Amino acid sequence: MSSLFDDIPLPGLDAPAPAAPAEDEPPFEGDGPAFVDAYEGGAYEEEIPDGLFQSFDPSEPVPASYYRNGAAHPVIDPDTLLDGMNPQQREAVVHAGSPLLIIAGAGSGKTRVLTHRIAHLLAARHVQPGEILAITFTNKAAGEMRERVEALVGPRAKAMWVSTFHSACVRILRRESKRLGFTSSFSIYDAADSQRLMALVCRDLDLDPKQFPPKSFTAKVSNLKNELIDEDTYAAKAENPMERKLAEAYALYQRRLREANALDFDDIIMTTVNLLQAFPDAAEHYRRRFRHILVDEYQDTNHAQYMLVRELTGGASGQGPKKTVDGEFVNPAEAQLAEIPPAELCVVGDADQSIYAFRGATIRNILDFEEDYPSATTILLEQNYRSTQTILTAANSVIERNSNRRKKNLWTAGAEGVKIVSYVADDEHGEAQFIADEIDKLSDKGDAKPGDVAVFYRTNAQSRVFEEVFIRVGLPYKVVGGVRFYERKEVRDVLAYLRVLANPEDAVPLRRILNVPKRGIGDRAEAMIEALASRERISFPQALLRVDEAYGMAARSANAVKKFNDLMAKLRGVVESGAGPAAILEAVLEETGYLAELQTSTDPQDETRVENLQELAAVALEFEQEEPVEGPDGEPVTQPGLPGFLERVALVADSDQIPDEDGEGRGVITLMTLHTAKGLEFPVVFLTGMEDGVFPHMRAMTNAKELEEERRLAYVGLTRARERLYLSRAVLRSAWGQPSYNPASRFLEEIPVTLVDERRTAAAAGPSGFGSRAGGSGLGGSRLGGSSAGGGSGFGSSQSGRRSGPAAGWGKSAGRMNDRPMVTLAVGDRVTHDRFGLGTVVSVTGPADDAKATIDFGAEGTKQLLLRYAPVEKL
DNA sequence: CCGATAGCGCTTTTT
DNA sequence: GCGCTATCGG
């Protein structure tokens with residue numbers, strides 16, 4: 001495929017398309033799995049739709065000889081599953097009898113190991129597919145895994161649960177909903193819904209939004225749920241006023257959810273754990289069923305997910321149910337549980353790639369696995385099948401700076417590869433321009449096509465410049481992430497209608513659509529309904545139906561509400577007539593006038609809105625026409641109809657996909673954040689904005705833990721590159737409308753200079769040699785100040801750099817010639833101020849001789865200081 | 001009630 | 001520099 005590799009033979013590089021599933025793996029060597037005639041899975045003989053086998057991932061070719069007489073059930077020789085694997089991978093595939101931790105470095109063939117392990121369980125250990133539960137974090141990962149397992153073992157794979165944490169739990173909860181006090185058609189609130197509900201709750205509690213911001217309450221409640229702390233437990237230990245208010249809000253929030261027959265994302269996990277703990281017979285059911293549990297990306301699990309895995313597995317060995325001192329079971333029903341041996345657990349992860357601590361993921365889960373499961377075996381996968389040794393060495397030396405880390409050394413049997421290219425631009429436009437030029441060059445030389453290239457950045461806001469420049473020079477690109485399809489206003493509006501139809505008691509979407517499109521039901525009318533609801537102790541949706549009793553409501557408003565009620569009744573009629581999701585959606589678009597409003601609008605944006613709604617309608621139709629898939633026990637994997645559609649939509653909140661390699665096409669450049677990049681790989685990677693304050697992000701720099709997470713993010717970014725890696729930064733960058741000078745990212749210094757080809761250094765960039773950092777032995781452009789050879793971008797009337805000693809901070813920044821020497825500060829520097837005392841520099845902005853610094857003086861507060869005058873001294 | 005405008009604040013975000 | 005929210009005037 002990529003001509004990039006013509007002179008650098010690496011194993012595994014003829015693997016899939018650039019944006020293909022992350023862990024690329026060595027191709028099958030030998031003839032692929034052969035078949036033996038010992039297939040025993042007769043229980044799963046089902047008819048196979050025509051063409052089923054044509055849709056498999058081409059990266060794992062399934063030779064025609066795979067099937068006996070073209071029959072649908074491949075039977076695998078266990079040994080051939082191990083072909084082409086290294087010793088550690090083999091061990092991971094065949095290991096049996098105790099909990100297994102696979103530490104899989106980036107690009108070490110993790111997915112291959114997982115899928116082959118599953119196939120091996122079936123082929124060699126007589127495990128039934130229905131006994132397998134494989135959990136991932138994303139639908140995409142689940143889909144890929146299922147597909148690849150199916151390619152290995154055939155349709156038997158359908159009986160396995162291969163799903164995300166959330167869909168697995170929803171499936172359990174639907175089945176058990178009755179004993180938990182809600183109906184099986186419960187709604188699922190996404191982050192935006194939760195936020196909305198919390199805002200309502202805070203308003204009801206008369207909380208001052210300045211003092212008790214609903215946003216932070218939402219986040220805190222989410223954290224509590226991730227820690228499995230329910231509202232009562234929290235209320236019992238709330239101490240200060242803030243905590244007590246939070247406890248109140250949490251309780252009311254939960255009450256409202258329950259009234260709305262809804263669960264939020266975090267509830268889905270927490271409630272499942274509660275279920276398994278509270279109902280031993282439910283736990284027994286799942287423990288008997290799932291004898292093999294595999295968890296991907298274990299480093300990203302939070303406490304609730306950790307406990308879920310533990311409950312499903314049956315705990316670590318020796319961790320039985322509670323007993324009294326006499327050895328009697330506290331709960332007799334639990335006696336049954338004790339008889340079930342724990343399931344075999346296999347978790348895969350890489351602590352160095354844990355980048356979601358901010359969402360509650362705790363690296364502890366993977367670090368302490370061996371203590372949690374004392375009989376555990378650990379296997380380390382260090383051989384990399386993705387990148388050149390140069391790239392791996394760079395990644396290794398960066399991640400090594402993290403403390404408390406299990407040592408790991410990625411290596412490849414492949415080539416050294418070309419050097420990493422570094423580039424220092426004057427500003428962010430220059431950076432984007434360089435990247436565009438470089439892609440052009442690679443393209444002309446035939447070294448890479450746009451589809452091979454990815455541009456990574458720390459924050460979404462950084463994508464704009466690249467878009468501007470790429471549009472100007474005519475490079476095809478696609479931005480991944482940002483505002484997602486299901487987060488778009490029009491999509492959410494229309495889905496809100498569907499949700500109300502599916503669950504009339506769900507107040508959050510109901511209030512959303514009450515006046516959308518505009519129909520004369522304003523805040524005042526809404527408040528009246530709310531008052532009625534609390535007066536009569538009924539829910540908001542019920543109050544709405546009794547508008548006539550709303551005291552003091554203007555006749556006009558009341559009429560509007562009645563018309564709305566009629567509208568909803570009519571739509572409900574459509575639902576009751578047995579129409580499918582697509583037809584219901586169409587009725588909503590028509591009857592509400594939503595579509596008409598968009599179509600008659602002159603706003604050009606509304607055109608794309610209409611397209612998005614058409615897209616949504618297409619999704620609904622597709623869902624409707626899907627064949628129902630049934631699990632082995634006859635329960636449907638997805639429920640049909642409107643509730644099923646809504647569940648799908650709630651749990652698959654990402655339809656923006658990474659661009660596919662479209663046949664012979666040259667593909668498009670992929671732009672995305674570093675977080676989104678996790679799990680992907682590209683022949684050519686540009687890591688941009690390599691500046692302290694940008695990456696690592698300003699907010700993460702003062703905290704050692706967060707800084708380590710940023711470093712892991714850097715590690716993730718570096719290891720996405722197969723062949724060519726570029727690191728770029730801008731001396732001057734405008735953020736939030738304000739220009740600011742940023743020093744080189746500390747991560748740059750952590751890469752050995754010998755690996756780097758410095759295409760343009762700080763000395764050549766910007767006004768007079770900005771950017772070398774203290775101790776800059778790395779590639780941070782450690783040349784001396786020097787004249788602005790590259791022609792600085794012409795501000796600051798560029799004096800030559802008067803560097804203040806070896807630790808130059810953000811380079812020169814002496815004020816005008818005659819001014820007293822101005823202190824040069826870098827983010828993170830410690831300073832003293834004549835009046836405020838000790839402080840830490842949070843940020844530095846503004847043009848060279850007019851620079852402002854934000855300094856955190858602790859108890860004295862955070863001050864903005866004009867450095868020209870400020871009586872500060874660097875320590 | 002609705003549209004316009006001022007003001008604030010602002011990483012990352014698998015579900 | 002932008003997008004969401006709160007507030008005001010019509």
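By convention in this document, chain letters (A, B, ...) are assigned in the order of the sequence lines, proteins followed by strands, and residues within each chain are numbered from 1. Nothing here was measured: the structure is a model prediction, and the numbers come from that model.
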Counting only side-chain nitrogens and oxygens, does A/K518 get under 4.0 Å of the OP1 or OP2 atom of B/dG3? yes

Quick one: which residue pairs count as a ring pair (Phe, Tyr, Trp, His ring centres under 6.0 Å) with a foot in residues 185-210 of chain A, not counting sequence neighbours? A/F182-A/F186

May I have the distance from A/I355 (atom CD1) to B/dT13 (atom P), rounded to whole angstrom? 9 Å

What pairs with A/E468 under salt bridge (charged side-chain N to carboxylate O under 4.0 Å, His left out), at least two apart in sequence or on another chain? A/R464

Rounded off to whole Å, could you give me the CZ-to-P distance for the A/R519 and B/dC2 pair? 11 Å

Would you say A/T459 reaches B/dC10's phosphate, i.e. side-chain N/O to OP1/OP2 under 4.0 Å? no

Nucleotide B/dT12, atom P - distance to OH of A/Y715 in whole Å: 24 Å

Which nucleotide wins on minimum distance to the side chain of A/H675, given the candidates B/dT12, B/dC1, B/dT14? B/dT12

Nucleotide N/O of nucleotides 5-8 of chain C paired with protein N/O under 3.5 Å:
none

What residues, two or more places apart in sequence or in another chain, satisfy salt bridge (charged side-chain N to carboxylate O under 4.0 Å, His left out) together with A/E227? none

Between A/N460 and B/dT13, is there a side-chain N or O to OP1/OP2 distance below 4.0 Å? yes

Residue A/R458, side-chain heavy atoms: nucleotide from C/dC2, B/dT15, B/dT11 that is nearest: B/dT11

Nearest whole Å is fine: how far is B/dT14 P from A/L680 CG? 12 Å

Is it the case that A/R648 places NZ or CZ above or below the six-membered ring of A/F623, under 6.0 angstrom from the centre and within 45 degrees of the axis? no

Give the C-alpha distance, both sets of side-chain angles, the deciding distance and a yes or no for side-chain contact (heavy atoms from CB on, under 4.5 Å) between A/N302 and A/R359. CA-CA 8 Å; A/N302 60 36; A/R359 286 191 85 252; over 6 Å; no

List for me each residue that meets side-chain contact (heavy atoms from CB on, under 4.5 Å) alongside A/S216, sequence neighbours excluded, and say none if there are none. A/P213, A/K220

Report yes or no: is the ring centroid of A/F358 under 5.5 Å from the six-membered base ring centroid of B/dT11, with the two planes under 30 degrees? no

Check this one for me: any side-chain N or O of A/S734 less than 4.0 Å away from OP1 or OP2 of C/dG1? no

In this structure, how many angstroms lie between the P atom of B/dT14 and the CD1 atom of A/I269, rounded? 15 Å

Can you measure A/L173 atom CG to B/dT15 atom C1' for me and round it to whole angstrom units? 14 Å

Categorize A/S167 for me: base, sugar-phosphate, or nothing, with a 4.0 angstrom heavy-atom threshold over every strand shown. nothing

Within 45 degrees of the ring normal and closer than 6.0 Å to the centroid, is that where the cationic atom of A/R364 sits relative to A/Y306? yes

Heavy atoms under 4.0 Å, any strand shown: does A/Y356 hit a base, just sugar-phosphate, or nothing? base

Using a cut-off of strictly less than 4.0 Å, decide whether A/N139 has a side-chain nitrogen or oxygen near OP1 or OP2 of B/dT15. yes

Given B/dC10, B/dT12, B/dT14, identify the nucleotide with an atom nearest to the side chain of A/T673. B/dT12

Phosphate OP1/OP2 of B/dT15 contacted by A/R359 side-chain N/O (<4.0 Å): no

Using centres under 5.5 Å plus planes under 30 degrees as the test, is A/H697 stacked with B/dT11? yes

When all nucleic acid strands are considered with a 4.0 Å heavy-atom cut-off, which category describes A/A461: base, sugar-phosphate, or nothing? nothing

N/O donor-acceptor pair, side chain A/R699 with base B/dT12, under 3.5 angstrom: no

A/K489 has an atom NZ; how far is it from atom P of C/dG3, in whole Å? 15 Å

So, does A/N302 get its side chain near the phosphate of B/dT15, meaning an N or O under 4.0 Å from OP1 or OP2? no

Taking O4'-C1'-N9-C4 for purines and O4'-C1'-N1-C2 for pyrimidines, is B/dT12 syn (within 90° of 0) or anti? anti

So what does A/D266 touch, heavy atoms closer than 4.0 Å: a base, only the sugar-phosphate, or nothing? nothing

Contacts of A/D193 meeting salt bridge (charged side-chain N to carboxylate O under 4.0 Å, His left out) (sequence neighbours excluded), chain-then-number -> A/R492, A/R499

So what does A/E710 hit on the nucleic acid, given a heavy-atom distance under 4.0 Å: a base, only sugar-phosphate, or nothing? base

Checking A/D506 against A/S187: is there a side-chain donor and acceptor pair closer than 3.5 Å? yes

Which part of the nucleic acid, if any, lies within contact of A/E706, taking any heavy atom under 4.0 Å across all strands shown: a base, the sugar-phosphate backbone alone, or nothing? base

To the nearest Å, give me how far apart CG (A/N226) and C1' (B/dT15) are. 11 Å

